[in-house]
Amino acid sequence: MSRQAELGKIKKRCFTLPGSDFTYGLNSFLKEGGVAAAIGQWQTVDPRGTAQQRKLQPHYVALNREAVKSGLVTAAEHQAYRNTHEIWRPVYKGHLHHPAMTFPPGTTFGISTRPSTPIYDLLENKYQHLWIEHQKEERERLRLKSKEKLKRAKMQDNHTTILRRYQPQEEPAPLWQLPRFQKIGPHLDTFPSQEARQKAFNAQRSDGIARKGLRGQGIYNIS
């Protein structure tokens with residue numbers, strides 16, 4: 001028990017040691033004779049009585065390997081090689097082997113047998129009918145999927161959308177002509193009147209904006 005600090009003095013942090021007759025450490029109960037017995041005699045161990053003799057067995061893997069290296073291939077040549085050569089290896093008595101596993105009684109080893117196919121299903125071609133039904137369902141699913149893709153696709157272009165999207169290009173420079181051919185008028189006039197001629201040219205000019213070609217008479221430019 002800790003002592004109470006005296007009045008007006010600090011608490012002492014020390015312990016009182018035992019007397020001179022106290023022995024430190026653990027008591028040894030072995031009676032071997034002490035120092036005199038250790039000096040006077042030696043306790044030795046008989047190696048023949050305690051050590052286990054190592055047993056050897058032929059190393060057939062090494063023998064076969066060396067026989068093949070020597071060029072021997074037949075069974076008789078290998079047997080003759082074993083009779084004239086010795087390669088040994090120690091015998092390990094179970095300390096390196098895994099312990100035997102115990103299994104409960106009635107344990108079946110291997111893969112379980114698949115249940116037999118009913119003979120009535122084979123006679124009625126049941127599996128063929130199931131495959132045909134599966135193919136029909138798959139085709140119907142693909143048809144519905146393609147139909148949904150068509151609905152999600154963009155609308156078909158018409159003349160108005162093409163005109164909105166078209167970017168007019170710069171007109172190329174006119175081709176060079178001889179001066180004597182520049183002011184020659186047409187020899188044929190197939191329009192009934194000048195007004196009909198002007199309407200046709202205006203319609204061609206309006207429609208030629210979205211067409212390919214120098215004169216706007218090609219296919220529609222939908223790119």
Side-chain angles (χ1 to χ4, degrees), residues 59-75 77-78 81 96 98 101 107-223:
H59 197 338
Y60 294 105
V61 176
L63 288 171
N64 295 341
R65 181 174 60 250
E66 297 299 329
V68 172
K69 289 181 180 179
S70 302
L72 307 179
V73 293
T74 62
E77 293 174 347
H78 276 258
Y81 186 87
L96 292 181
H98 297 285
M101 300 179 62
T107 303
T108 303
F109 298 92
I111 302 175
S112 59
T113 306
R114 185 181 66 86
S116 59
T117 304
I119 189 63
Y120 295 103
D121 294 344
L122 297 177
L123 295 177
E124 295 175 356
N125 296 327
K126 178 180 178 181
Y127 300 102
Q128 178 183 359
H129 298 327
L130 292 177
W131 181 83
I132 293 175
E133 292 296 331
H134 177 71
Q135 294 298 321
K136 290 181 179 180
E137 294 176 358
E138 187 68 19
R139 285 195 295 268
E140 184 66 18
R141 186 183 63 83
L142 294 177
R143 188 185 67 82
L144 295 176
K145 187 176 181 180
S146 60
K147 190 175 181 180
E148 292 179 359
K149 286 185 178 179
L150 291 177
K151 291 181 180 179
R152 296 175 184 175
K154 61 182 180 180
M155 299 177 61
Q156 297 295 330
D157 292 327
N158 52 23
H159 186 69
T160 305
T161 57
I162 293 174
L163 291 177
R164 290 176 180 174
R165 196 169 58 249
Y166 177 72
Q167 298 292 336
Q169 301 177 357
E170 297 182 0
E171 295 183 0
L175 299 177
W176 180 82
Q177 292 180 351
L178 292 174
R180 60 180 179 177
F181 297 123
Q182 290 180 356
K183 297 182 180 180
I184 298 178
H187 293 281
L188 297 176
D189 191 2
T190 58
F191 293 96
S193 63
Q194 189 65 24
E195 183 180 358
R197 176 187 177 89
Q198 191 64 29
K199 287 183 179 181
F201 274 98
N202 291 338
Q204 191 275 335
R205 192 179 302 107
S206 176
D207 187 65
I209 296 176
R211 291 178 178 269
K212 293 184 178 180
L214 297 177
R215 299 183 180 275
Q217 298 178 355
I219 61 176
Y220 285 104
N221 186 9
I222 61 176
S223 59

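We're numbering straight along the sequence, starting at 1.
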Start with the C-alpha gap between Tyr81 and Glu66, add the side-chain angles, then the distance that decides, and say whether side chain to side chain contact (heavy atoms under 4.5 Å, CB included) holds.
-> CA-CA 9 Å; Tyr81 186 87; Glu66 297 299 329; 3.3 Å; yes
Is there a side chain to side chain contact (heavy atoms under 4.5 Å, CB included) between Val68 and Val73 once you walk through the steps?
-> CA-CA 6 Å; Val68 172; Val73 293; over 6 Å; no
Determine, stepwise, if the pair Ile132 / Gln128 fulfils side chain to side chain contact (heavy atoms under 4.5 Å, CB included).
-> CA-CA 6 Å; Ile132 293 175; Gln128 178 183 359; 4.1 Å; yes
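With values rounded to the nearest 0.5 angstrom, Leu175 atom CG is found 7.5 Å from Gln177 atom CD. Between His134 atom NE2 and Glu138 atom CD the span is 5.5 Å, to the nearest 0.5 Å. Taking CG from Leu188 and OG1 from Thr190, the interatomic distance works out to 7.5 Å, rounded to the nearest 0.5 Å. Note that CD of Gln135 is 13.5 Å distant from CD of Glu140, once rounded to the nearest 0.5 Å. Atom CD1 of Ile184 sits about 9.5 Å away from atom CG of Leu178, to the nearest 0.5 Å. To the nearest 0.5 angstrom, Trp176 atom CH2 is 8.5 Å from Gln182 atom CD.
The shortest distance between side-chain heavy atoms of Lys126 and Leu130 falls below 4.5 Å.
A donor-acceptor contact shorter than 3.5 Å is absent between the side chain of Ser206 and the backbone of Ala203.
Atom CD1 of Ile111 sits in a sparse spot, with 12 or fewer heavy atoms from other residues, nucleotides or ligands closer than 6.0 Å. No more than 12 heavy atoms of other residues, nucleotides or ligands sit less than 6.0 Å from atom CD of Glu195. Residue Tyr60 places its OH atom among 12 or fewer non-hydrogen atoms of other residues, nucleotides or ligands, all under 6.0 Å distant.
Just one of His59, His78, Lys69 meets the side-chain contact (heavy atoms from CB on, under 4.5 Å) condition when paired with Asn64; it is His78.
Salt bridge absent: Glu148 and Lys145 never bring a charged side-chain N and a carboxylate O closer than 4.0 Å.
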